[in-house]
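Written below as structure tokens is the structure these notes are about.
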Amino acid sequence: MSGNVEELNEEENSVTMLDVLREESQLEEDAYAVLGASDDKNCTYSKGYTRQALYACKTCCQKSVRAALCLACSFHCHEGHELIELYTKRHFRCDCGNSKFEGKKCNLEPSKDSVNSENQYNHNFDGLYCICERPYPDPDDTTNDEMLQCIICEDWYHSKHLECEKEMPADGAYDEMICAGCMRKNDFLWNYATKYAAFTGTEVSSGDKEDESIDVENQSKVCTLPQSNSAVKMSSRKSCFWIEGWRAALCTCESCKELYRNKHIMFLLDPSDSVHAYEEAGKINRRESQYEKGMKALASLGHVEQLTAIEEYNIMKERLKQYLQKFAENKKVVREEDIKEFFSEMESKKRPKVVIPTYCR
């Protein structure tokens, strides 16, 4: 009986080649989602103002200067510099080499305008986030609090600073979040919360949900959505979590469009504006993944070869973590050349291949 228990524990703790490939696939998907159509060789400047992955260089820009660069420029123009990863920002053009960089030209696109007048900057470009104005990761915070991005101001907030009275909804229960500050500035959005909020920080009463004066489903035709807060009775205006598809419910009459323009939120009507749409486009544009390649190769391996491969993978994974640690400590960007160097060293350190003998009777 004890032997069976040991075997069962060993099976639970074991890692199969399929597990490895799935883990690799998830990592690749996440990378493609963030980087979208960007690559590590071409500056995005010529594409104009687009949503893209951005980096702020604190080595090149003084503390009071806010600027950001694209993925390719982080490799080819700012190697070894102190970079802040900003995830993605909408309607942004690469600043690398313009007047904010004090005469240093971009190696990929030398001819650029002195400024990108339509770029919008916030304290994220200084390496600070949330209403607490703290860096991420925060060396003084041991709670490891989750951070969420507001779709309007695009700042990042600790979940504990979202002004929510109850627990946040689960990841799959909502699609987007608007912070308390942006909900206060755009308080008419609370009228949509009765039908399209997964969680509002302060629950909407059942009486509010039955209020016939809020005809959200038909408002695009009649445009009678009230502009006051009286329709939604809440003790205060807090962060709001929205279900998928809520943007499609926004009224598109000329009066409401004028309201969106005045509040600088016309982008809410653009289906391609959301981070979700950006991530999906990045995944679609990807090449054949390592998972797909690995599954093809796996089909050609025997059982013993699979065991050998998984053992080699675990050795490689541990060494790679140690190798990348120095980049994290020095806040350096990992280049393609660095990865190639790592695998070259791995190749030279390979153990002699063990030949498993077969016997004929």
Side-chain angles (χ1 to χ4, degrees), residues 34 51 53-54 56 66 68 84-92 119-138 141 143-204 227-229 232-250 259-270 273-279:
V34 174
R51 177 177 289 282
L54 294 172
R66 291 176 175 175
I84 299 172
E85 186 174 4
L86 299 171
Y87 190 54
T88 74
K89 300 288 185 185
R90 70 166 57 86
H91 197 71
F92 202 93
N119 283 357
Q120 297 291 319
Y121 308 90
N122 61 13
H123 63 170
N124 295 170
F125 295 79
D126 303 326
L128 301 175
Y129 306 87
C130 192
I131 58 174
C132 61
E133 297 277 338
R134 295 296 299 168
Y136 181 83
D138 188 343
D141 188 357
T143 59
N144 195 30
D145 191 14
E146 179 184 9
M147 297 196 77
L148 301 175
Q149 188 180 36
C150 171
I151 63 166
I152 291 183
C153 67
E154 296 192 298
D155 195 1
W156 291 83
Y157 296 86
H158 296 100
S159 59
K160 62 186 177 185
H161 293 149
L162 286 174
E163 301 183 40
C164 294
E165 293 179 351
K166 299 183 179 181
E167 292 184 2
M168 287 179 11
D171 286 344
Y174 73 97
D175 187 51
E176 297 180 314
M177 184 276 292
I178 299 179
C179 72
C182 287
M183 286 301 296
R184 283 190 280 267
K185 292 176 183 176
N186 304 281
D187 56 3
F188 71 93
L189 290 174
W190 283 114
N191 295 307
Y192 294 91
T194 56
K195 289 181 179 289
Y196 298 100
F199 178 84
T200 60
T202 303
E203 292 293 343
V204 183
Q227 298 300 314
S228 68
N229 294 335
V232 182
K233 301 179 181 66
M234 298 182 182
S235 61
S236 60
R237 300 294 177 252
K238 303 191 175 185
S239 299
C240 190
F241 295 81
W242 300 90
I243 63 175
E244 185 176 357
W246 77 276
R247 294 194 193 198
L250 292 173
L259 173 66
Y260 306 150
R261 276 190 287 268
N262 291 338
K263 291 182 173 290
H264 308 290
I265 56 171
M266 273 295 288
F267 54 80
L268 290 179
L269 299 182
D270 181 2
D273 169 80
S274 71
V275 173
H276 178 71
Y278 170 87
E279 291 180 345

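Values reported hereafter were calculated over all heavy atoms of this structure, with side chains retained and with hydrogens, waters and symmetry mates removed.
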| Which pair of heavy atoms, one from S239 and one from L162, lies closest together, and at what distance? | OG-O, 2.6 Å
| message | Show the nearest heavy-atom pair for residues Y174 and P169, with the distance to one decimal. | response | CD2-CG, 3.5 Å
| said: If you count heavy atoms of other groups shown closer than 6.0 angstrom to CD of Q120, is the number above 12? | reply: no
| Is the backbone of D126 close enough, under 3.5 Å, to the side chain of R66 for a donor and an acceptor to pair up by distance? | no
| field | Distance in Å, I178 CD1 paired with I265 CD1, rounded so as to fall on 0.5 Å steps | value | 7.5 Å
| field | Spatial distance of atom NE2 (H161) from atom CG (L148) [nearest 0.5 Å] | value | 13.0 Å
| said: Could you work out, with ring pair (Phe, Tyr, Trp, His ring centres under 6.0 Å) as the rule, every residue matching Y121, not counting sequence neighbours? | reply: F92, F125
| query | Any side-chain heavy-atom pair from L189 and W246 closer than 4.5 angstrom? | reply | yes
| query | How far does CG of N122 sit from OH of Y129, to the nearest 0.5 angstrom? | reply | 9.0 Å
| query | Residues two or more places apart in sequence or in another chain: which of them pass ring pair (Phe, Tyr, Trp, His ring centres under 6.0 Å) with H264? | reply | none
| task | Identify, with sequence neighbours excluded, every residue that meets side-chain hydrogen bond (donor to acceptor under 3.5 Å, both in side chains) alongside W156. | result | none
| note | Between C153 and Y157, the two heavy atoms sitting closest are SG-OH, 3.4 Å
| field | CZ-CZ distance between R247 and F267, expressed to the nearest 0.5 angstrom | value | 7.0 Å
| said: For a 4.5 angstrom cut-off between non-hydrogen side-chain atoms, does V275 reach Q149? | reply: yes
| field | Pairwise distance CG(D155) to CD(E133) - rounded to 0.5 angstrom | value | 8.0 Å
| said: With heavy-atom distances below 4.5 Å as the criterion, would you say the side chains of M177 and C240 are in contact? | reply: no
| Do you know which two heavy atoms are closest between K263 and K185, and how far apart they sit? | NZ-O, 2.8 Å
| query | Minimum heavy-atom separation for A53 to Y278, with atom names? | reply | N-OH, 3.5 Å
| note | For I151 and R90 the tightest heavy-atom approach is O-NH2, 2.6 Å
